[in-house]
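In what follows, a structure is listed as structure tokens, so that the remarks can point back to it.
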Amino acid sequence: MDKWVLIDGNSIIYRAFFAMPPLTNSAGLHTNAVYGFTTMLLKLLEEEKPTHMLVAFDAGKVTFRHEGYEAYKGGREKTPSELSEQFPVLKELLQAFGIAQYELSGYEADDIIGTLSRLADEQGVETVVVSGDKDMLQLASDHVTIALTRKGVSEVERYDPAEIKEKYGLTPLQIIDLKGLMGDTSDNIPGIPGVGEKTALKLLHEYDSVEGVLANTADLKGKMKEKVETHQDSAVMSKRLATIFREVPLEKSTDELAYGGYDAQTLADMFRKLEFKSLIERMALPEAGGGADAGVPAEAPTYEVVSAASLGKAELASLLASSESVYIETIGDNPHQARLIGLAIANGERIAVLTYDDLMDPALSAPVRSWLEDEKAPKRGYDLHKAELALGWIGISLRGIAFDALLAAYLLDPTESSQTLAALIQRHRLSAIQTDEAVYGKGARLQVPEGEALANHLAAKADAVRRLVPLLSEELEKGNMTKLNDELEQPLAVVLAGMEKQGIQVNPAVLEDLGAELEKGITRYMSDIYTHAGMEFNIGSPKQLGEVLFEKLGLPVIKKTKTGYSTDAEVLEKLEPYSEIVKMILHYRQLTKLQSTYVEGLLKEIRRDTGKVHTYYRQTIAATGRLSSQYPNLQNIPIRLEEGRRIRKAFVPSEPGWKILAADYSQIELRVLAHISGDEKMKQAFIEDADIHTKTAMDVFGVTAENVDANMRRQAKAVNFGIVYGISDFGLSNNLGITRKDAAKFIEQYFAVFEGVRTYMDTIVAQARQDGYVTTLLERRRYLPEIKASNFNLRSFAERTAMNTPIQGTAADIIKLAMVKMDAELRERGLRSRMLLQVHDELVFEVPADELELMKTLVPEVMESAIALDVPLRADVSYGDNWYEAK
DNA sequence: GCATCATGCAA
DNA sequence: TATTGCATGATGC
């Protein structure tokens with residue numbers, strides 16, 4: 001049985017372009033639309049198993065539809081160059097897939113598809129038409145189903161005539177009448193002005209067709225009658241424009257559409273050119289390519305893989321002494337619970353592999369263990385931070401970390417989504433290694449091989465590190481980041497591991513009591529909400545909640561998400577006046593959030609044996625240079641509302657009589673801004689240690705300190721925040737609930753006062769445009785390729801990022817410096833106090849009573865002197881019996 | 001089982 | 001259509 005799949009190429013590539021995040025290969029070619037198209041193709045091939053396939057394209061600019069209506073498809077924005085450059089690529093890709101493509105001068109893709117689907121219908125061939133355009137529904141029939149893309153491209157929704165009937169109450173052909181009445185702004189088809197989908201459907205249910213409506217205008221009333229009568233011609237013309245022409249003189253026989261599968265080698269070469277690594281992986285395409293610029297194939301290893309067990313004592317000792325790299329393998333995302341798989345130690349010719357079992361055999365592993373723990377034996381590796389934790393939990397302390405390829409790769413491009421070894425190797429055009437997923441599988445299918453397969457993979461990774469180290473070092477040097485790496489990030493990794501291993505004590509009783517209290521509140525609100533709604537439903541489901549609020553109770557819809565009604569807190573606050581249920585829902589949300597994320601979530605993370613939680617700070621995630629925190633995230637523990645703030649009472653010292661001491665930078669980001677912009681007015685404010693938001697209000701509103709009221713200060717504060725985030729009038733207006741015009745006025749007034757800030761913002765954007773990147777005070781770098789995009793949204797985002805990253809990133813640099821210095825201070829002074837947490841602008845310690853007075857001065861001193869700026873840095877310190885009290 | 005979405009917490 | 005993150009429950013494949 002034949003099965004045809006007909007694809008509307010133009011429609012799908014457009015959808016793909018706007019649905020996919022920007023993506024370029026290393027040659028700078030945009031590939032996102034082609035990527036999206038490809039994922040859709042793969043899905044179709046798998047699900048439909050077509051015998052015949054065709055991708056149709058529009059040809060030329062003028063089609064028969066323009067005869068008599070020149071404005072057809074007028075008013076469309078020009079295709080962005082980022083997309084138009086992908087058309088030839090797509091056509092090449094289709095060739096590689098072996099899929100037929102067709103275009104015919106004077107006709108659009110949908111006419112070609114219309115004609116072919118008519119033939120399919122006549123011959124009774126099962127056919128699927130794929131498009132993003134609802135017009136295509138008119139082609140549906142007993143044999144032809146229409147697959148419309150839905151959110152993204154790879155997901156489609158299928159329609160046969162019955163489903164169209166169900167959804168619209170129309171036959172496929174009536175879809176044409178629908179468009180005749182309602183028009184289509186994207187094609188510049190007018191329809192009847194003022195008639196939208198709702199009205200059009202109502203009319204069609206009554207009168208069947210455009211002609212039917214026009215013949216019965218007498219039945220209509222008022223405005224509606226007037227509109228329909230005035231725009232009769234328009235409706236008729238619109239219907240004509242919307243009608244897909246199904247008699248195109250095809251110069252192609254349907255035999256030419258036969259699909260015989262793709263050639264794996266050809267496709268792999270194409271994917272490599274596009275750098276679709278994940279797809280090569282997913283489809284298990286061959287590694288080596290025949291093409292000129294195909295990826296670098298895996299070469300025969302230049303090293304010998306040996307089991308450490310098979311080496312003589314002397315041989316092993318000499319290999320360790322001359323080691324060039326080490327790779328330590330763990331499985332599991334949380335390094336505190338990760339399973340240590342094994343390790344490989346490489347010098348040029350020989351790579352020794354130890355499995356976990358080998359490592360647990362004291363006789364065998366003693367020399368390796370002492371090498372790992374030897375501060376003087378330099379280790380060059382990959383993600384040694386994680387390795388240090390995993391080793392730490394089995395009683396081995398990793399010392400002497402000299403270079404970390406992951407950290408270096410992050411500094412070289414902190415936005416790169418994949419920093420895996422396989423990806424790094426490929427980016428540097430070194431001979432390929434297998435991905436972890438290919439070797440281990442993932443999720444439920446995760447299976448670590450034994451013996452040689454595992455040894456070879458570990459060895460390949462150790463070898464990969466060995467080859468990457470000199471390349472990455474050199475690139476760091478070129479980017480002026482050697483010092484940042486060697487003196488800040490690398491030492492910090494060790495400091496972080498120490499903090500993480502130490503952990504922070506959590507008192508479960510505090511959480512359990514709070515949990516019991518929350519439970520009561522949750523039960524109460526739940527029953528109140530059910531009573532008020534007149535039914536029971538899952539309040540936690542935005543979908544069900546939306547149905548209750550907006551359909552059952554009829555509250556006004558404020559905002560929509562891409563899947564339905566929005567019910568977020570911002571929306572609910574606007575709905576408060578309409579129904580008492582809204583406030584209950586807000587309270588319910590607040591309590592359940594605390595219960596599930598903070599009470600239950602935190603309890604789950606407490607180690608049974610020690611009563612502590614051990615977070616994992618990730619040093620290679622945030623594009624700005626900040627840390628992030630996982631398992632649990634201790635950087636988002638509630639503080640703003642009292643109810644949530646009480647969670648902090650559970651964080652206590654791990655030794656009796658000790659205190660929790662916390663110190664936070666005051667206004668560090670605005671101080672950084674004052675420094676890097678050099679704005680005199682702002683610098684002066686900090687030199688005087690003024691309240692910056694009040695000072696801003698005074699200057700922007702032109703009043704004296706006494707005349708700054710709370711509202712003025714609040715607005716000034718919002719503007720200051722906006723400045724740090726890369727301001728836009730839209731963003732500020734949204735935040736302050738004022739018009740965009742007023743917001744723009746505010747910003748203008750602000751810039752009139754802080755001229756240096758304006759100059760800085762202009763300069764940094766220009767610089768980003770010129771260099772392609774921005775830097776922080778310590779030369780941390782972030783590339784912003786989209787600063788040159790023609791797409792307004794992409795470009796604006798890049799511009800805001802250019803403004804924000806040097807500020808947020810420099811603040812991150814500074815607290816990281818303070819952490820490294822603080823750690824050294826504690827050591828050198830032989831103090832027992834321990835640094836436990838970092839929360840972006842705050843450091844948290846546990847401190848014995850006899851060190852409290854010293855630490856109260858030492859911590860802020862170290863933080864304030866971490867770096868000298870043109871304005872003073874200020875850190876406020878506080879302490880108490882738990883984190884809540886340290887406020 | 002897995003990915004994605006909506007939501008909300010922090011700086 | 002304001003910057004950077006992470007965890008949760010619901011949902012749909």
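Quick caveat: nothing in here was measured; it's all calculated off a predicted structure. Every chain is numbered from 1, with letters handed out A, B, ... down the list of sequences.
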First encountered from the 5' end of DNA chain C, between Pro414(A) and Gly540(A): Pro414(A)
Indicate the ring-plane relationship of His385(A) and Tyr616(A), choosing parallel, tilted or perpendicular according to the 30° and 60° boundaries. perpendicular
Counting side-chain heavy atoms from C-beta on, which of dT3(C), dG8(B), dA3(B) comes nearest to Lys442(A)? dA3(B)
So, His587(A) side chain and Lys583(A) main chain: donor-acceptor pair closer than 3.5 Å or not? yes
Is any side-chain N or O of Thr567(A) closer than 4.0 Å to OP1 or OP2 of dT7(B)? yes
Nearest-Å distance for atom pair CG/P, residues Leu784(A) and dT3(C): 13 Å
Which residues in residues 803-815 of chain A have at least one heavy atom lying under 4.0 Å from any atom of DNA chain C? Asn804(A), Gln808(A)
Within the 3.5 Å criterion, strictly below it, is a donor on Tyr783(A) or Arg781(A) matched to an acceptor on the partner's side chain? yes
Contact check, residues 622-629 of chain A vs DNA chain C, heavy-atom distance under 4.0 Å, returns Ala622(A), Ala623(A), Thr624(A), Arg626(A), Ser628(A), Ser629(A)
Using the P atom as the point on both nucleotides, what is the distance between dT4(B) and dA2(C), in whole Å? 23 Å
Counting only side-chain nitrogens and oxygens, does Ser566(A) get under 4.0 Å of the OP1 or OP2 atom of dT7(B)? yes
Please tell me whether Gln808(A) and Thr624(A) have a donor and an acceptor in their side chains that are separated by less than 3.5 angstrom. yes
Below 4.0 Å: OP1/OP2 of dT4(C) and any side-chain N or O of Gln635(A): no
Asn538(A) side chain near dA10(C) phosphate (N/O to OP1/OP2, under 4.0 Å): yes
When you check the phosphate oxygens OP1 and OP2 of dA11(B), does a side-chain N or O of Arg640(A) lie under 4.0 Å from one of them? yes
Going by side chain to side chain contact (heavy atoms under 4.5 Å, CB included), Leu777(A) matches just one of Ile807(A), Ile676(A), Val672(A). Which one? Ile676(A)
Residues of residues 718-737 of chain A with any non-hydrogen atom less than 4.0 angstrom from an atom of DNA chain C: list those, numerically ordered, please. Ala718(A), Gly722(A), Tyr725(A), Phe730(A), Gly731(A), Leu732(A), Asn735(A)
Distance check: side-chain N/O of Arg782(A) vs OP1/OP2 of dT4(C), anything under 4.0 Å? yes
Which atom names give the shortest non-hydrogen contact between Arg589(A) and Thr592(A), and what distance separates them? O-OG1, 3.1 Å
